[in-house]
Amino acid sequence: MTLPAPIFSHDQAEAWGRIAAALNRAGVDLDGAALTPEAEGKPSVLAVVGKAGSGKTMLLAALSKALSAAGVDTVSGDYEGKRRKDRRTLAILVPTNKAASVLRGRGVAATTIHRILYTPVYDPEYERIADWLVGHGERPKVEGLTDTALDRARAFYDQVRSIPGALAAAGLRGSDFILGWKRREDPLDIGLVDEASMLDARQLDDLREIFPTLILFGDPAQLAPVGQSGEMVFDKLDDRRKLVLSRIHRQEEDNPILDLAHALSDDALGFEDFERMVEDAARRDGRIVWAGRVEAGLMARSPVLVWRNQTRIRLIQAFRSAYGAPPDALLPGEPLICDGIELPVRHRRKRIDLEARGLIKGAQVIYLGPGNKPGFSRLHVIGAEDPQVAAASIVKIESPGEEEPFIPFAAHMGAAFLHGAAVTIHKAQGSQWPDVQVFAPDLYAASRSGRIEAGLPLWKRLAYVAITRAEKRLLWVVRNRLARPDAPLGVDDVRQEPARLALEPEPEG
């Protein structure tokens, strides 16, 4: 079936044509909505680059629909059927769970890069259910599962394309049907990568090993990954492989947040002039707030965005004090940021297990309470398809003036966490929240430093990234003050059924 052609601007239409030609060489005819023999040729990498509002996500979503209509199978990362000779595969990838959830909220079946690099190994008995759900097998009869349970799995999968979620709806736990995780061996065909400005060179090399056709979508105005000398991976592509979207697409009502973001491209604009623009916008539109203090209540679910590390630590301490958090324990509802996995090399499988559940560096987590074992925590991983997890945890609370963080409790080894009530703007890339607080005194300090990154004043790059994290409302905080919360911390907004899978390191020896 041929889909009606999407309505594109001139630059989007040009990018679509270039991408369609590359996909045709990969064996997919977008215009005819059909699969064709693959043409011989070298692997292809293209980049679609443009600022916020230029239509990158619209183009990516249209491509995913057109590829599906042509018969290309989308691989989600939670299950992959048997390889067929005539099959073409697609994965839509982002660096973080939060970025994946943003795309899934717009109807795009996105998954994290890690979930594609490492694939689950299913128990053969339950693999038959997965094959049936994806349309590659007959309805199975499985010992211990009733027809009603299978019907629940079917209904869930038809609504949410998640195999683990469907099996959970049938009453199964992850440990029932997933035997382990392995590094992907077989390549896929097409990869669409959003938030490509966050990729480092090693991740790009890993992806090029898997996808002969790779299309990157990125914003050149964002901040480059730390350690990349201000460069993004698509900066190194020649101009023939970069498709630039320059037109800014607006919704029916003008978006004052995007207006501010794009005003930063004016070379003559200084920090004080920009702040006057923010203040003027706040008088005209409720979506911009000129805030005299940080709102502690908002910090519990959307962190304050800062530049300086000492500001981050100071605001976290103020947040904990405002809620009366004791120094030697966490309160249920406190936000955390995964700072990596602290496991020896010999525990590689446990590392993969933790990362596969969404506990990758930079993941945003809500603390639900202590686990059943010392050092374990019950956690809600924001943006993960199966967010409830119990894990061995090492929680670090940093204090102003202290070189070493205080650790209120810790397992011997496991997932490490920092507090997440405030984060640096670098770490916020790839995420969005309905309401975002930007700590303006830090951006003023960046402007006074005179630092330049990739040809632009650093404060402008920081401001651009911070502003575009806001989906609905931007709070521009101009004073170093904290408004106390009007309600205690809680977990009702993220509470689901109890965590299904406890992950712990194997005993030493």
Side-chain angles (χ1 to χ4, degrees), residues 94-105 110-115 194-195 198 222-223 225-226 294-306 309 312-313 315-316 319-320 323 325 330-341 354-369 377-391 393-398 405 414-439 465-466 468-472 489-496 499 503:
V94 286
T96 67
N97 288 290
K98 187 67 170 69
S101 71
V102 169
L103 275 184
R104 288 197 297 268
T111 191
T112 62
I113 292 170
H114 188 275
R115 289 293 297 272
D194 200 18
E195 298 290 351
M198 298 174 66
Q222 291 202 22
L223 294 157
V226 175
V294 176
E295 296 289 337
L298 286 178
M299 294 170 72
R301 293 298 177 266
S302 59
V304 181
L305 305 187
V306 305
N309 210 38
R312 178 182 65 84
I313 294 170
L315 283 170
I316 287 169
F319 170 86
R320 301 199 79 233
Y323 279 106
L330 291 177
L331 296 176
E334 289 197 64
L336 303 174
I337 300 288
C338 183
D339 195 40
I341 308 298
L354 287 165
E355 291 175 338
R357 293 300 305 275
L359 293 177
I360 57 179
K361 191 174 180 68
Q364 299 163 45
V365 173
I366 303 299
Y367 176 74
L368 301 179
S377 302
R378 291 182 294 112
L379 306 166
H380 178 97
V381 184
I382 294 177
E385 292 183 349
D386 189 14
Q388 306 291 319
V389 59
S393 306
I394 303 163
V395 179
K396 305 173 184 178
I397 304 296
E398 299 156 291
F417 297 95
L418 300 175
H419 207 279
V423 303
T424 61
I425 295 169
H426 264 100
K427 284 187 180 292
Q429 289 196 130
S431 297
Q432 283 190 306
W433 297 271
D435 302 300
V436 166
Q437 300 183 88
V438 178
F439 194 71
V465 172
T468 54
R469 300 311 92 203
E471 293 176 334
K472 296 180 180 177
L489 272 177
V491 296
D492 288 346
D493 58 323
V494 295
R495 189 185 298 278
Q496 296 184 358
L503 301 170

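Values below: all heavy atoms of this structure, side chains included; hydrogens, waters and symmetry mates excluded.
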**Report entry** side chain to side chain donor-acceptor pair (under 3.5 Å) assessment of Ser302 paired with Gln437
**Finding:** CA-CA 8 Å; Ser302 59; Gln437 300 183 88; 5.5 Å; no
Query raised in the report: Does the pair Leu330 and Val395 meet the rule for a side-chain contact (heavy atoms from CB on, under 4.5 Å), with working shown?
Result: CA-CA 9 Å; Leu330 291 177; Val395 179; 3.7 Å; yes
Report task. Take Val381 and Gln364, measure what side-chain contact (heavy atoms from CB on, under 4.5 Å) needs, and give me the verdict at the end. Result -> CA-CA 6 Å; Val381 184; Gln364 299 163 45; over 6 Å; no
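Sequence neighbours left out, the pairs with a member in residues 426-438 that pass salt bridge (charged side-chain N to carboxylate O under 4.0 Å, His left out) are Asp435-Arg473.
Contact detail for Pro335 and Ala421: the closest heavy-atom pair is CG-N, 3.7 Å. Residue Leu379 comes nearest to Ala391 through the heavy atom pair CD1-CB, 4.4 Å, listed as atom of the first residue, atom of the second, then distance. Looking at every heavy atom in both residues, Gly333 comes nearest to Val491 through N-CG1, 3.4 Å. Across every non-hydrogen atom of Leu331 and Tyr367, the tightest pair is O-CD2, 3.5 Å. In terms of heavy-atom proximity, Ala363 sits nearest to Gly358 at CB-O, 3.2 Å. Contact record, Pro332 with Leu489: O-CB, 3.7 Å, taken as the closest heavy-atom pair.
Residue Ile397 holds its CD1 atom at 6.5 Å from CD of Glu334, rounded to the nearest 0.5 Å. Here NE2 of His426 is found 10.5 Å from CD of Gln222. Values are rounded to the nearest 0.5 Å. In this structure, CG in Asp194 is found 5.0 Å from CG in Leu103, a value given to the nearest 0.5 Å.
Contacts of Ala470 classified as side chain to side chain contact (heavy atoms under 4.5 Å, CB included), with partners at least two apart in sequence or in another chain: Ile257, Val436, Leu474. Considering only residues two or more places apart in sequence or on other chains, Arg469 meets the salt bridge (charged side-chain N to carboxylate O under 4.0 Å, His left out) condition with none of them. With sequence neighbours excluded, no residue satisfies salt bridge (charged side-chain N to carboxylate O under 4.0 Å, His left out) with Glu195. Applying the salt bridge (charged side-chain N to carboxylate O under 4.0 Å, His left out) criterion to Lys396, with sequence neighbours excluded, gives Glu342. In this structure Glu398 satisfies the salt bridge (charged side-chain N to carboxylate O under 4.0 Å, His left out) test together with Arg312, sequence neighbours excluded.
Counting only heavy atoms from C-beta outward, the side chains of Leu305 and Val465 never approach each other to under 4.5 Å. A 4.5 Å side-chain heavy-atom check between Met198 and Pro95 finds at least one atom pair inside the cut-off. Looking only at side-chain heavy atoms (C-beta outward), His380 and Val389 stay at 4.5 Å or farther from each other. Here the side chains of Val423 and Ile337 are in contact, with some heavy-atom distance below 4.5 Å. In this structure, the side chains of Phe417 and Val365 come closer than 4.5 Å at one or more pairs of heavy atoms. Here the side chains of Leu336 and Ile366 are not in contact, with every heavy-atom distance at 4.5 Å or above. Pro303 is listed as a side-chain neighbour of Trp433, based on a closest heavy-atom distance under 4.5 Å. Taking 4.5 Å as the limit, every side-chain heavy atom of Gln429 sits out of range of all side-chain heavy atoms of Thr96.
When atom types are taken as modelled, the side chain of Arg104 and the backbone of Gly383 share a donor-acceptor pair closer than 3.5 angstrom. Here the side chain of Lys472 pairs no donor or acceptor atom with the backbone of Pro434 at under 3.5 angstrom.
Checked against a 6.0 Å centroid threshold, the rings of His419 and Phe319 count as neighbours.
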